[in-house]
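Input: a single structure, listed below in structure tokens.
Every heavy atom of this structure was used, including side-chain atoms; hydrogens, water molecules and symmetry mates were not. Chain identifiers are assigned alphabetically (A, B, ...) following the order of the sequence lines, protein sequences preceding nucleic acid strands; residue numbering begins at 1 within each chain.
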There are 2 protein chains.
Amino acid sequence: METKVNESGFRGLDKSLRIQKITDTAAELFHRKGYRSTTLDDVSKELGITKAALYHYVSSKEKLLSRIYIQALENIFRNTDKIAGKELPPDVRLRLIIQNHIKGIIIQSISMFSVFFTEENQLPEKEFRKIRREKKKYTRIVEEIIEEGISQGLFRKSDPKLQAFALIGMCNWVYKWYKPGPDSYTPEQIADYFVSLLERGYLKGDMEGMQDMPELLRGGKERAGSKKEDYQRLRAKCTELSKIIDEMEEKG
Amino acid sequence: METKVNESGFRGLDKSLRIQKITDTAAELFHRKGYRSTTLDDVSKELGITKAALYHYVSSKEKLLSRIYIQALENIFRNTDKIAGKELPPDVRLRLIIQNHIKGIIIQSISMFSVFFTEENQLPEKEFRKIRREKKKYTRIVEEIIEEGISQGLFRKSDPKLQAFALIGMCNWVYKWYKPGPDSYTPEQIADYFVSLLERGYLKGDMEGMQDMPELLRGGKERAGSKKEDYQRLRAKCTELSKIIDEMEEKG
DNA sequence: AGATAGTTTTAATGACTGTTTAGTTATTAA
DNA sequence: TTAATAACTAAACAGTCATTAAAACTATCT
């Protein structure tokens, strides 16, 4: 008999494919149960082989985790650098980055990014630092695009770092709630929606209130002068409101 | 001699305070190293007592985790229900919810919420389900406010669930990047900034583009009208707000 | 068939760690 | 003072699990 193909789903696969399958399976289990709580027995059982057999493909559990991190990193960065370097207006670039980010998470695999976002501290010191560096780099890219947008007068004045965190957080959190399925959102829908929300906000109307963001900006202290006092005032009132409510609660 | 107070930072504390200290310390370590990777030796060493001594206060490691979840839940929900139930316009309620959410995470303790967001799968089945239910409930509250905002014509048409996820993700992610410190943002700053970004988006100008969100909406197809919806609405809203505030002042 | 390399298994090893037991010391109440 | 209870410790128990060693199986090539 010739080479059995697709026998048990693992044997009879190219070696590189087998390694990929191991990585994916591990990611899936790490995602469901956590890295530390997942035993190599779990992984091997899921694959239909013995624990010891794993060691033919991966030299240690830690190495398995590393592999997941490397892949996740590659998948997010694959297009990011290109997009960021394109000769496009900042808003377009930002939009592309967001789309790429969300598609990356959902299409590549939620499990992989779930691990990527939560198991950092299980990595050996050296890798840990590398990952942290790369994540910061990514934030920095987003931040720079935002800065450009502001300096070109395309975006409202704001704190670019905070805005980058907001944007990235919104996108990353997808891994927490997204459940694939036929009636589920497509990555494109989510990305479009997020872009739309981020670009123009959820408030309707508002015509002339076109000032910049509040003045808690980077540089800091420039008190809210007595500008056209519309949104600013509203905002101030809300803060007041918040205080008043707190006081009332305390009283009963 | 009377009761020694503040001897070693643990002994000579009210019992309830000692338990609280244990919980906090555990949360801190779980946050840094992960629940599973943190041994009870770690926790007890950090507290300056023996592993076995822990068992005087907590019946198991799992129970320790539960305690953290319960506290986190209480701290987020303490005000949420009240806010959601208030007789205030949706945008104000949403703003308050966001402020409360972010303040909760940062002030209460990042560690606690870090654990809250990442160690669910370490809980016993029953508690796991309970937590999931509560988290969904929270999302639902936000969603409902958004729905109201839309039906009152205050918010653009959109998919409330997706918007709730976006908002919550943005806020939750704070636990990943926030580092307390003197030159750090205050919770209020972050909350204000996020609200501002969410309400009006980062794009500047754009005058006439006042349509609703794209039509990937829940119910689906009603194309975004192009109404003129001017700043009468804004003014009206401010008036509303003023009234409410006045009423509240009168009452207390 | 025999050899070689690649693959998988069985069976240990050894470290780690949640939990328990039995006992010690400190504090409180009577 | 004495009895009782609370707070703690040291040591062992029992189970888990990553990792290794050595043997066996499979396929391919000659």
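Straight-line distance from the CZ atom of B/F30 to the C1' atom of C/dT17: 13 Å, rounded to whole Å. In this entry the distance linking CG of B/L29 with P of C/dT17 reads 13 Å, nearest Å. Taking atom CD1 of B/I19 as the reference point, atom P of D/dC8 lies 11 Å away to the nearest angstrom. Rounded to an integer number of Å, the gap from A/L47 CG to C/dT8 C1' is 13 Å. Between the CG atom of A/D14 and the C1' atom of C/dG6 there is a distance of 14 Å, rounded to whole Å. With rounding to whole Å, A/R18 atom CZ is found 9 Å from C/dG6 atom C1'. One atom, CG of A/D41, and another, P of D/dT19, lie 12 Å apart when rounded to the nearest Å. One atom, NZ of A/K15, and another, C1' of C/dT8, lie 13 Å apart when rounded to the nearest Å.
When the options B/F116, B/Y35, B/Y69 are evaluated for a ring pair (Phe, Tyr, Trp, His ring centres under 6.0 Å) with B/F30, the one that passes is B/Y35. Of the listed residues (A/V92, A/L94, A/I98), just one forms a side-chain contact (heavy atoms from CB on, under 4.5 Å) with A/L96, and that residue is A/V92.
Scanning residues 53-64 of chain B for heavy-atom distances under 4.0 Å to DNA chain D yields B/A53, B/H56, B/Y57.
There is a side-chain donor-acceptor pair under 3.5 Å between A/Q20 and A/Q71. A side-chain N or O of B/S111 and one of B/E28 form a donor-acceptor pair less than 3.5 Å apart.
Among the atoms of the strands shown, none is found under 4.0 Å from any heavy atom of B/R36.
Candidate nucleotides C/dG18, C/dT21, C/dT7 were compared by shortest atom distance to the side chain of B/T39, and C/dG18 ranks first. In the set D/dA18, D/dA7, C/dT19, the nucleotide with an atom closest to the side chain of B/K51 is C/dT19.
Each of A/S37 and A/A52 has a nearest nucleotide on DNA chain D; the 5'-most of these lies closest to A/S37.
A/Y57 does not carry A/K21 over the face of its six-membered ring by the limits of under 6.0 Å from the centre and within 45° of the normal.
For an aromatic pair to be called close, the ring centres must be under 6.0 Å apart, and B/H31 with B/Y175 fails this. You'll find the ring centres of A/W173 and B/F117 inside the 6.0 Å limit.
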